[in-house]
Amino acid sequence: FPVTIIGGSGNTVFLSPQSILMGGSVSTICCNSSASILGGVCNIILTNNTSAAIIGGERQCIFDRNYQSLIAGGRCNQICNLSQRAAIVGGCCNQVIGGGVDSSIIGGYKSFICGRTNLSSIMGGSCNRICNDSNRSSIVGGQLHCIDSSSQSSIMGGCMNNICGGSLHSSIIGGIS
């Protein structure tokens, strides 16, 4: 099966059939199928990530069985541990971890989605998290928010707001705690 490296410097593709690494520098695709890195610096796709892609950015990482996941731009973002069709677009130090499907983080800083959380999104803000089966939930802006074990819930703006303990269809708009 073909493996392609086009341009760039210090790039490596190893045991990754039908994968492509184009441009950028010091990036690696290892032990994957149909993976792609397009540009950027020090990006890595590692261990059984079928059809995963990183487009630009710096120090981005997709590892450990993430099917059709994407990181586009930003810095130090990660998708790992069975997160299918996850996406991180821009931002810094964001993570999608642990078995969720179709979840995304757009921009922001140090936010994460974890623990089998499906169809959920964080857009902007900093240090926000959605975790533990909080399906179809969202956080838009603000900082230090948490949705934990609560599906179909949302927080918009404000600071240190929490929805937790099995709440359903809950919303917080602005405010502090």
Do you know which of Thr12, Asn11, Leu46, Val13 makes side chain to side chain contact (heavy atoms under 4.5 Å, CB included) with Thr28?
-> Thr12
Among Ser138, Ser134, Ser170, Cys131, find the residue that satisfies the side chain to side chain contact (heavy atoms under 4.5 Å, CB included) test when tested with Ile147.
-> Ser134
Distance from [X] atom [atom1] to [Y] atom [atom2], nearest 0.5 Å?
| X | Y | atom1 | atom2 | answer |
| --- | --- | --- | --- | --- |
| Cys31 | Asn48 | SG | CG | 7.5 Å |
| Thr47 | Asp64 | OG1 | CG | 6.5 Å |
| Ser51 | Gln68 | OG | CD | 5.5 Å |
| Gln152 | His169 | CD | NE2 | 4.0 Å |
| Gln18 | Ser33 | CD | OG | 5.5 Å |
| Ile5 | Leu21 | CD1 | CG | 6.0 Å |

Check for me, please, whether [X] and [Y] land in the same ILVMFWY cluster - side-chain distances under 4.5 Å, paths through other members count.
| X | Y | value |
| --- | --- | --- |
| Val26 | Ile29 | no |
| Met156 | Leu144 | no |
| Val3 | Ile62 | yes |
| Met123 | Ile155 | no |

With side chains defined as the heavy atoms from C-beta onward, is the minimum distance between [X] and [Y] less than 4.5 Å?
| X | Y | answer |
| --- | --- | --- |
| Thr50 | Asn32 | no |
| Asn135 | Leu119 | no |
| Ile113 | Ile122 | yes |
| Ile79 | Ile71 | yes |
| Gln143 | Cys127 | no |
| Ile105 | Val96 | yes |
| Asp148 | Asn162 | no |

What are the two closest heavy atoms between [X] and [Y], and how far apart are they?
| X | Y | value |
| --- | --- | --- |
| Phe14 | Ser16 | O-OG, 2.9 Å |
| Gln60 | Gly73 | NE2-O, 2.5 Å |
| Met160 | Ile176 | CE-CG2, 4.0 Å |

For [Y], is there any backbone N or O sitting under 3.5 Å from a side-chain donor or acceptor partner on [X]?
| X | Y | result |
| --- | --- | --- |
| Ser137 | Ser150 | yes |
| Ser69 | Ser83 | yes |
| Ser19 | Ala35 | yes |
| Ser120 | Asn118 | yes |
| Ser154 | Ser171 | no |
| Ser111 | Asn128 | yes |
| Asp133 | Ser149 | no |
| His145 | Ile163 | no |
| Glu58 | Gly40 | no |
| Asn77 | Ile88 | no |

Please assess Ile54 against Leu38 for the test side-chain contact (heavy atoms from CB on, under 4.5 Å), listing each intermediate value before the final yes or no.
-> CA-CA 6 Å; Ile54 296 174; Leu38 307 176; over 6 Å; no
Who passes side-chain contact (heavy atoms from CB on, under 4.5 Å) against Leu168, sequence neighbours left out?
-> Ser151
Please name all residues satisfying side-chain contact (heavy atoms from CB on, under 4.5 Å) with Gln84, sequence neighbours left out, ordered by chain then number.
-> Tyr67, Val101
Evaluate side chain to side chain donor-acceptor pair (under 3.5 Å) for Thr117 paired with Ser103, printing each intermediate quantity in order.
-> CA-CA 7 Å; Thr117 295; Ser103 289; over 6 Å; no
With side-chain contact (heavy atoms from CB on, under 4.5 Å) as the test, would you mind laying out the steps for Gln78 and Cys61 before giving the verdict?
-> CA-CA 5 Å; Gln78 291 186 354; Cys61 184; 4.1 Å; yes
Trace of the side-chain contact (heavy atoms from CB on, under 4.5 Å) decision for Ile20 with Ile6 = CA-CA 8 Å; Ile20 184 168; Ile6 300 172; 4.1 Å; yes
